[in-house]
Amino acid sequence: MSRPEDTLQADVHYNDTEARKYTTSSRIQTIQAAMTHRALELLDLQSPSFILDIGCGSGLSGEILSDIPESEGGPHVWVGMDISPSMLDVALQRDVEGDLFLADMGQGVPFRAGTFDAAISISAIQWLCNAESSETSPAGRLARFFNGLYASLKRGGRAVCQFYPKNDVQKQMITSAAVKAGFGAGLLEDDPETKNAKTYLVLTVGSAGTKGDITGVVEGMDGVDVVDSRRKGKTGKGEIKKGSKAWILKKKDQMEKKGKVVKATSKYTGRKRRIQF
């Protein structure tokens, strides 16, 4: 059975008819609610937070964020972004409490650095793995998305992305892109090896300080694969010395990839200054 993301772009697939069909389906509402609550459980928020809902659709997950009781750390304030005008139009008609933003996550996350305490995404990021044309690069779309998401979260912030990977290759593609952007990443699969299997990518900005589990979320959980390629292969040899020209150039390249403005490189870049008397 083919997936919709294999044949059409999300904004084309979720037209007015599909958007209303998706929103009014009691089965989809039940599944969406369960996955949203699971994402919140993994986020482990202790107080009302400012949350980004990526691929928010018609606001089904957002309604749950708004309704979390104070005893469970809520209610939360949220902003939703989605590529489908039809989905957002349905959300407006339903008068959801969150602010809505029309945007393609494959072009990045267009918010100021450190804006959000946390982020969730339900059944959306697998759309980034498909190329609708020869000019579209799944790797580029994934990189822009995760780089933008990393920048938009506060230090110590978390994100949980539930998605349906087509295969292990796609799962690895998504996880690797997140780690390259700087996230600590853990993969959790509920109901594995069944038709109801659901994959959650748990992401953390900055080290959580927990030995063996950089996400600080999934430690002790069964069936969790913690990924941290930044620690692999570091033997102490060939490491770039902090403050050296090579280190500065590497940092500037990382900042440029995240869309930041950096000073132009010159022959003086990384050169030590003379002591002034």
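These numbers come from the heavy atoms of this one structure, side chains and all, not from hydrogens, waters or symmetry mates. Count residues from 1 along the sequence.
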Exercise for the section: Determine whether the side chains of D44 and Q46 contain a donor N or O and an acceptor N or O closer than 3.5 Å. Expected result: yes
Handout entry: Side-chain heavy atoms of K171 within contact of D168, under 4.5 Å
Key = yes
Exercise for the section: To the nearest 0.5 Å, tell me how far E72 CD sits from S47 OG. Expected result: 14.0 Å
Problem - Flag side-chain contact, heavy atom, 4.5 Å: S61 against I120 - result: yes
Problem - Transitive ILVMFWY side-chain link M173 to L149, under 4.5 Å - result: yes
Practice task
Decide yes or no on side-chain contact (heavy atoms from CB on, under 4.5 Å) for D104 and R141, but give the supporting numbers first.
Solution key: CA-CA 10 Å; D104 176 7; R141 288 174 62 78; 3.0 Å; yes
Completion exercise
In terms of heavy-atom contacts, G106 and L128 come closest through CA-CD2, 3.5 Å
Exercise for the section: Measure the spacing between OG1 of T36 and CD1 of I68 and express it to the nearest 0.5 Å. Expected result: 9.0 Å
Handout entry: Side-chain touch V90/R20, heavy atoms, less than 4.5 angstrom
Key = yes
Problem - Backbone N/O of G62 and side chain of S66: donor-acceptor pair under 3.5 Å - result: yes
Practice task
Examine the side chains of S123 and Q162 and answer whether a donor and an acceptor come within less than 3.5 Å of each other.
Solution key: yes
Practice task
For L88 and F101, run side-chain contact (heavy atoms from CB on, under 4.5 Å): C-alpha distance rounded to whole Å, both residues' side-chain angles, the deciding distance at 0.1 Å, then the answer.
Solution key: CA-CA 8 Å; L88 295 179; F101 197 82; over 6 Å; no
Practice task
Would you name the heavy atoms of R94 and G59 that are closest together and state the gap between them?
Solution key: NH1-C, 3.9 Å
Problem - Common cluster, Y150/L153, ILVMFWY with side-chain heavy-atom separation under 4.5 Å - result: yes
Exercise for the section: Decide yes or no for L201 and T175: does some side-chain heavy atom of the first lie under 4.5 Å from some side-chain heavy atom of the second? Expected result: yes
Practice task
For the residue pair S86 and N15, confirm or rule out a side-chain donor-acceptor distance under 3.5 Å.
Solution key: no
Problem - Reported CD1-to-CD distance for the pair I64 and Q29, which is rounded to 0.5 angstrom - result: 9.5 Å
Exercise for the section: Could you pull out all residues at least two apart from F163 that satisfy ring-ring contact (aromatic ring centres under 6.0 Å, His included)? Expected result: none
Completion exercise
Closest non-hydrogen atoms of Y164 and A197, given as atom of the first, atom of the second and distance, are CE2-O, 3.8 Å
Exercise for the section: With the side chain counted from C-beta on, respond yes when V109 and M105 share a heavy-atom pair under 4.5 Å apart, and no when they do not. Expected result: no
Exercise for the section: Count the heavy atoms belonging to other residues, nucleotides or ligands that lie under 6.0 Å from CD of Q107, then report whether that count exceeds 12. Expected result: yes
Practice task
Please determine, by modelled atom types, if K252 and T265 share a side-chain donor-acceptor pair under 3.5 angstrom.
Solution key: yes
Fill in the blank from the handout: All heavy atoms of F146 vs all of F183, minimum pair found to be O-CE1, 3.5 Å
Handout entry: Closest approach of D82 to G55 (non-hydrogen atoms, all atoms of both residues)
Key = OD2-C, 3.2 Å
Exercise for the section: Please check if M81 and L142 belong to a single hydrophobic cluster, counting links between Ile, Leu, Val, Met, Phe, Trp and Tyr side chain heavy atoms closer than 4.5 Å. Expected result: yes
Exercise for the section: List the steps and the verdict of side-chain contact (heavy atoms from CB on, under 4.5 Å) for Q172 and V169. Expected result: CA-CA 5 Å; Q172 180 61 33; V169 173; 5.9 Å; no
Handout entry: Residues Q93 and D89: side-chain donor-acceptor under 3.5 angstrom
Key = yes
Exercise for the section: Please answer: with hydrophobic residues joined when any side-chain heavy atoms are less than 4.5 Å apart, are I83 and L102 in the same cluster? Expected result: no
Exercise for the section: Taking atom NZ of K250 as the centre, report whether more than 12 heavy atoms of other residues, nucleotides or ligands fall under 6.0 Å from it. Expected result: no
Problem - Beyond-backbone contact of Q170 with N167, side-chain heavy atoms, under 4.5 angstrom - result: yes
Handout entry: Residue pair L203 / V160, side-chain heavy-atom distance below 4.5 Å
Key = no
Exercise for the section: Check step by step if side-chain contact (heavy atoms from CB on, under 4.5 Å) holds for L100 and L92. Expected result: CA-CA 8 Å; L100 304 173; L92 286 172; 3.8 Å; yes
Completion exercise
Note: F111 and L52 closest approach over all heavy atoms is CE1-CD1, 3.9 Å
Exercise for the section: Report the relative orientation of the aromatic rings in F50 and F116; use parallel for angles under 30°, tilted for 30 to 60°, perpendicular for over 60°. Expected result: tilted
Practice task
Using only heavy-atom distances, determine whether the side chains of Q32 and Y22 contain a donor-acceptor pair under 3.5 Å.
Solution key: yes
Problem - Side chain to side chain, L187 and Y200, heavy atoms closer than 4.5 Å - result: no
Problem - Donor-acceptor under 3.5 Å (H76 side chain, P48 main chain) - result: no
Exercise for the section: Indicate yes or no for a side-chain donor-acceptor contact from W78 to the backbone of I51 under 3.5 Å, with no hydrogens or angles considered. Expected result: no
Fill in the blank from the handout: Value for NE2 (H37) from CG (L42), rounded to nearest 0.5 Å, stands at 13.0 Å
Problem - Separation between CG of L65 and CG of L60, rounded to the nearest 0.5 Å - result: 11.0 Å
Practice task
Could you tell me whether R158 and D117 make a salt bridge, using a distance below 4.0 angstrom between a side-chain N and a carboxylate O?
Solution key: no
Problem - OG1-CE distance between T30 and M35, expressed to the nearest 0.5 angstrom - result: 10.5 Å
